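These figures come from a predicted structure and were not determined experimentally. The first residue in the sequence is number 1, and the count goes up from there.
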Amino acid sequence: MKHTHMSDGPAASDAGSAERADGSRLVGSDRVLAVLKELARYPDGVGLEELTRVIDSPKPTVHRALGALRRAGLADQDARGHYLLGDEFLRMAFAHHEARPEHVRVRPVLDALAGRFGETAHYAVLDGREVVYRAKVDPPSGAVRLTSTVGGRNPAHATGVGKLLLAHEVRTLEQVRAWAADAPLVRRTPRTLCTAEALHADLQATRERGYALDDQENETGINCLALPVYATSPTAPSGAVSISALTYRTPLRTLVDAVEEIRDALGPLDAPHQ
């Protein structure tokens, strides 16, 4: 059974607004890469006309880019003539992801947490103003699940993992204000913290207690508790692990009461202290 909420959906970036090599139009390899990135948004395939419109390049040049990708096995064409990511691209992406040291180490921990709480466990890193989900484990078969995806992004200020990692990056109100001044703090739900003052207070509380909370701030009906992972350094977190739970099934209080148990589960991920 799929839960309809998109807690950790992929970024809705548009290749048409991608960086242009000359400030106006995509050229050469930039165009090929733009086509490749755009194909990832269409798991069921996309026609040449639509792809040309979105990328905002002449049809012959988009067609040539698709040809180069097809020859490399990075794109394919189905029976309808629609283009989609090729099997070689998927093979490389999954093989690389599965072999990444952080994934190899974090997967057993996420498995254990998802099994223990019957909720979704994530591992995420901070990327500017967003968090990127590097790994995800769903609860056991039969339970309602989130429709989050590996590689999906969310605003850092609205998520437990984001606030946990931000707490180590911006410590003073002035730093939070400077960080928030780059772009408006998007309101995802009525509970999202959208002012520098409110966010600073939350980050301060996060540092004091050692974990972050998302009390339906990114999505109504979903709460989250996040803890830091010190995989590469005993002082600076390399990422964060979270349990994202349906509020009716696992109240936030339940996660808070189990924080020491969750922290103990993260032990294998911590780098040895020097």
Side-chain angles (χ1 to χ4, degrees), residues 1-3 5-10 90-127 130-154 156 159-165 167-168 206 209-214 218 222-246 249-252 254-274:
M1 178 177 179
K2 289 287 185 181
H3 195 270
H5 290 292
M6 290 297 293
S7 178
D8 309 311
L90 299 177
R91 184 197 66 77
M92 291 192 302
F94 283 114
H96 175 75
H97 176 67
E98 293 293 328
R100 291 175 81 161
E102 65 177 8
H103 179 79
V104 171
R105 292 182 64 192
V106 79
R107 180 64 191 239
V109 172
L110 298 187
D111 282 334
L113 291 174
R116 160 67 178 83
F117 292 95
E119 300 289 356
T120 300
H122 292 102
Y123 173 69
V125 298
L126 188 64
D127 183 18
E130 298 178 314
V131 291
V132 182
Y133 298 90
R134 291 279 183 85
K136 171 201 174 185
V137 172
D138 282 317
S141 178
V144 178
R145 306 178 182 189
L146 304 183
T147 55
S148 51
T149 59
V150 173
R153 292 173 175 263
N154 266 322
T159 61
V161 285
K163 291 190 293 180
L164 187 286
L165 297 172
H168 292 265
T206 294
R209 65 187 173 222
Y211 59 87
L213 299 175
D214 162 9
N218 189 55
I222 306 293
N223 57 41
C224 168
L225 183 144
L227 283 163
V229 171
Y230 296 93
T232 56
S233 164
T235 57
S238 55
V241 163
S242 70
I243 299 175
S244 299
L246 301 179
R249 189 168 63 191
T250 306
L252 195 56
T254 299
L255 297 178
V256 171
D257 288 344
V259 68
E260 292 306 320
E261 179 185 352
I262 300 170
R263 185 175 280 122
D264 288 343
L266 302 187
L269 300 180
D270 289 345
H273 289 256
Q274 300 299 320

Notebook entry, point to check: Would a 4.5 Å heavy-atom cut-off, applied to side chains only, mark Ile243 and Leu225 as touching?
Noted result: no

Margin query: My understanding is that only residues two or more places apart in sequence, or in another chain, count here; which of them pass side chain to side chain donor-acceptor pair (under 3.5 Å) with Arg209?
Written below: none

Checklist line | Interatomic spacing from CZ in Arg134 to CG in Leu110 - rounded to 0.5 Å | finding: 13.5 Å

Notebook entry, point to check: Do you know the tightest heavy-atom contact between Leu113 and Ala265?
Noted result: CD2-CB, 3.9 Å

Check: If you look at every heavy atom in Gly160 and Asp214, which pair is closest and at what distance?
Finding: N-CB, 3.5 Å

Notebook entry, point to check: At what distance, to the nearest 0.5 angstrom, does CZ of Phe117 lie from CZ of Arg249?
Noted result: 13.0 Å

Checklist line | Sole candidate of Leu227, Val161, Leu266 that passes side-chain contact (heavy atoms from CB on, under 4.5 Å) when paired with Val241 | finding: Leu266

Margin query: Donor-acceptor pair, distance only, cut-off 3.5 Å: does the side chain of Lys136 make one with the backbone of Thr120?
Written below: no

Check: At what distance, to the nearest 0.5 angstrom, does CG of Asp111 lie from CG of Asp138?
Finding: 10.5 Å

Check: Between Thr206 (side chain) and Leu164 (backbone), is there a donor-acceptor pair under 3.5 Å?
Finding: no

Check: Partners of Ala245 by side chain to side chain contact (heavy atoms under 4.5 Å, CB included), sequence neighbours excluded?
Finding: Glu119, Asn223, Thr250, Leu255

Next item on the list: Write down the atom of Val131, the atom of Gly162, and the distance for their closest heavy-atom approach.
Entry: CG1-CA, 3.3 Å

Next item on the list: Identify the heavy atoms of Ala124 and Tyr133 that sit nearest to each other, and give their distance.
Entry: CB-CD2, 3.9 Å

Check: Could you state the interatomic distance from NZ (Lys163) to OG (Ser242), rounded to the nearest 0.5 Å?
Finding: 12.0 Å

Next item on the list: Please report the shortest heavy-atom distance between Ser244 and His122, naming the atom on each side.
Entry: OG-ND1, 3.5 Å

Check: Can you name the closest pair of heavy atoms from Val106 and Ala135 and give their distance?
Finding: CG1-CB, 3.9 Å

